2 protein chains.
Amino acid sequence: MEDKDNSPPTERKRGSGVKRVYDVLRDEILELALPPGTPVDEVQLAERFGMSRTPIREALVRLAGEGLVETLPNRSTMVSNIDFLNLNTFFDAITLMYRVTTRLAAQKHSAADLDRIRDLQEKYAQTVASQDALGMIAANREFHAAIAKAGRNPYYHSLMIRLLDDGRRLLRLYYQSFDDRLPERYVDEHAQIIDAIARGDVEAADRLARVHADQIVAQIQRLLATDARQHPAL
Amino acid sequence: MEDKDNSPPTERKRGSGVKRVYDVLRDEILELALPPGTPVDEVQLAERFGMSRTPIREALVRLAGEGLVETLPNRSTMVSNIDFLNLNTFFDAITLMYRVTTRLAAQKHSAADLDRIRDLQEKYAQTVASQDALGMIAANREFHAAIAKAGRNPYYHSLMIRLLDDGRRLLRLYYQSFDDRLPERYVDEHAQIIDAIARGDVEAADRLARVHADQIVAQIQRLLATDARQHPAL
DNA sequence: TGCATATTCATTGTCGACAAAAAATATGCA
DNA sequence: TGCATATTTTTTGTCGACAATGAATATGCA
């Protein structure tokens with residue numbers, strides 16, 4: 001078997017290389033296919049993607065900029081750790097951003113925004129119905145990202161994306177060991193949030209977002225406590 | 001004159017190249033030495049810094065990640081524009097972050113944090129006393145960045161940095177055309193904020209931060225209005 | 001002259017190669 | 001055998017070169 005790869009020399013358009021590597025790696029990091037601490041070898045990636053080290057490097061620099069990867073000088077870069085010691089800062093920030101972005105969405109959303117949000121809620125409901133934990137995590141991210149976008153404040157939006165991505169890694173970490181029943185109540189809470197946004201009811205949006213955030217934080221903390229009992233070494 | 005550059009081949013340590021270019025360019029962008037819209041040529045920079053295009057490129061990718069520079073595919077990258085149409089999103093976000101970070105600083109600061117904050121307040125007061133508008137802008141940024149750091153929430157801290165940097169460009173834009181008297185009242189407001197933080201008085205910290213933020217927003221809006229009268233074309 | 005097309009030019013995206021740095025391994029001595 | 005030092009190996013940081021892309025310019029035709 002001399003030809004292990006019969007694909008043609010893989011012509012790709014000029015600017016597409018970096019984006020592809022970036023997208024794939026980003027996904028693999030968020031899905032924990034590359035767990036925290038995994039060393040990332042440039043030549044290895046270069047072989048895998050069939051390109052030179054230069055575009056790989058650029059993708060890694062971008063990922064480092066978002067904190068998904070850490071680069072120690074002259075030594076290998078590795079997938080960033082999840083910081084369990086400061087999870088409260090995460091909870092604090094995501095609660096605030098849930099509220100702020102949902103409030104703003106109630107004020108500034110367009111009809112198109114609402115359509116998209118409803119679509120994503122549909123997808124979310126499907127993943128919950130089919131007990132697809134991984135799909136649910138991703139769909140939940142998309143749902144709240146769309147709300148943040150409807151709020152039309154790029155500062156809030158980008159922070160929200162970052163928080164949601166960190167949260168995605170965190171949830172992924174627990175749902176691969178514990179598959180409890182998926183919380184169907186969230187579907188209903190999402191529906192209520194959509195209603196408040198559609199009505200332009202800012203205060204209701206704020207209140208619902210707050211409750212929703214508290215629920216999620218509480219759930220993660222429960223998972224954490226359970227996990228701590230099973231892995232007391234941590 | 002055959003030798004236009006008598007400096008030795010400029011030996012530099014291995015990892016230092018990118019950082020230098022990044023720091024210098026970042027500064028020049030924030031100081032408006034490179035005004036928004038300036039095209040950034042890679043070979044030109046390579047000559048200027050006496051190195052190959054590779055490290056230049058990496059620095060530019062990092063700057064693009066922070067939104068300080070925009071890269072259009074296959075065509076030159078340029079210094080990002082200041083978005084005048086959506087300044088309200090900036091005002092909204094910076095007001096919120098002033099409040100949140102100051103509140104947190106009141107709760108979580110250490111003695112060392114407080115020392116540093118007082119040092120920076122000292123520097124700020126000096127720049128105001130000497131009517132050094134540019135120095136004041138930079139010192140104000142450092143002051144509030146230190147408060148954000150004392151709050152010990154990396155999510156808030158990084159957003160605050162981004163906002164302060166954008167604000168620095170914005171203020172720089174106006175203070176190069178208008179040198180009104182520098183607002184000495186801010187020195188006093190800063191002092192009050194420090195007191196609230198030192199006392200751990202969260203509510204006072206919040207209230208003062210809010211007032212302070214409103215003041216600054218109002219001042220920028222005044223400058224904007226004045227400018228709009230002078231440049232009605234915009 | 002005015003416009004459509006072809007050609008040249010400037011600048012980026014990607015490549016393969018080499019040197020520097022740190023880690024991993026081997027060597028020598030007690 | 002155990003430790004300090006030398007050597008090899010691995011992996012990154014930087015370089016110069018080349019091709020692709022889009023803009024600028026030149027060319028041809030009405």
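The shown structure was predicted, so the numbers you read here are calculated from the model rather than taken from an experiment. Below, chain A is the first sequence line, B the second, and so on; all start at residue 1.
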Between Thr89(A) and Asn86(A), a side-chain donor and acceptor under 3.5 Å = no
Go ahead and name the base partner of dT5(C); Watson-Crick or wobble counts if both distances stay under 3.5 Å, otherwise write none.
-> dA26(D)
Hey, which sits more toward the 5' end of DNA chain D by its nearest nucleotide, Arg14(A) or Thr77(A)?
-> Thr77(A)
Along DNA chain D (nearest heavy atom to each residue), the more 5'-positioned of Thr54(A) and Ser76(A) = Ser76(A)
For [X] and [N], what is the distance between atoms [atom1] and [atom2] respectively, to the nearest whole Å?
| X | N | atom1 | atom2 | answer |
| --- | --- | --- | --- | --- |
| Glu47(B) | dA10(C) | CD | P | 14 Å |
| Gln44(B) | dA10(C) | CD | P | 14 Å |
| Glu58(A) | dC15(C) | CD | P | 12 Å |
| Asp41(A) | dA23(C) | CG | P | 16 Å |
| Leu60(A) | dT11(D) | CG | P | 14 Å |
| Met51(A) | dC18(D) | CE | P | 22 Å |
| Arg53(B) | dT12(C) | CZ | P | 6 Å |
| Leu72(A) | dA23(C) | CG | C1' | 12 Å |

Gap between atom CZ of Phe91(B) and atom CG of Leu87(B) - 0.5 Å precision = 5.0 Å
Between Glu58(B) and Arg20(B), is there a side-chain N and carboxylate O pair less than 4.0 Å apart?
-> no
Salt-bridge test for Glu66(A) and Arg62(B): reply yes if a basic N is under 4.0 Å from a carboxylate O, no otherwise.
-> no
Under-4.0 Å side-chain N/O to phosphate OP1/OP2 contact, Ser52(A) with dT14(C) = no
For Arg116(B), does the CZ atom have more than 12 heavy-atom neighbours from other residues, nucleotides or ligands under 6.0 Å away?
-> no
Among dT11(D), dA22(C), dT12(C), find the nucleotide with the atom closest to the side chain of Asn74(A).
-> dA22(C)
Assign each of Arg75(A) and Val18(A) the nucleotide of DNA chain C bearing its closest heavy atom; nearer the 5' end lies the nucleotide of Val18(A)
DNA chain C: 5'-proximal contact among Val43(B) and Pro73(A) (nearest heavy atom) | Val43(B)
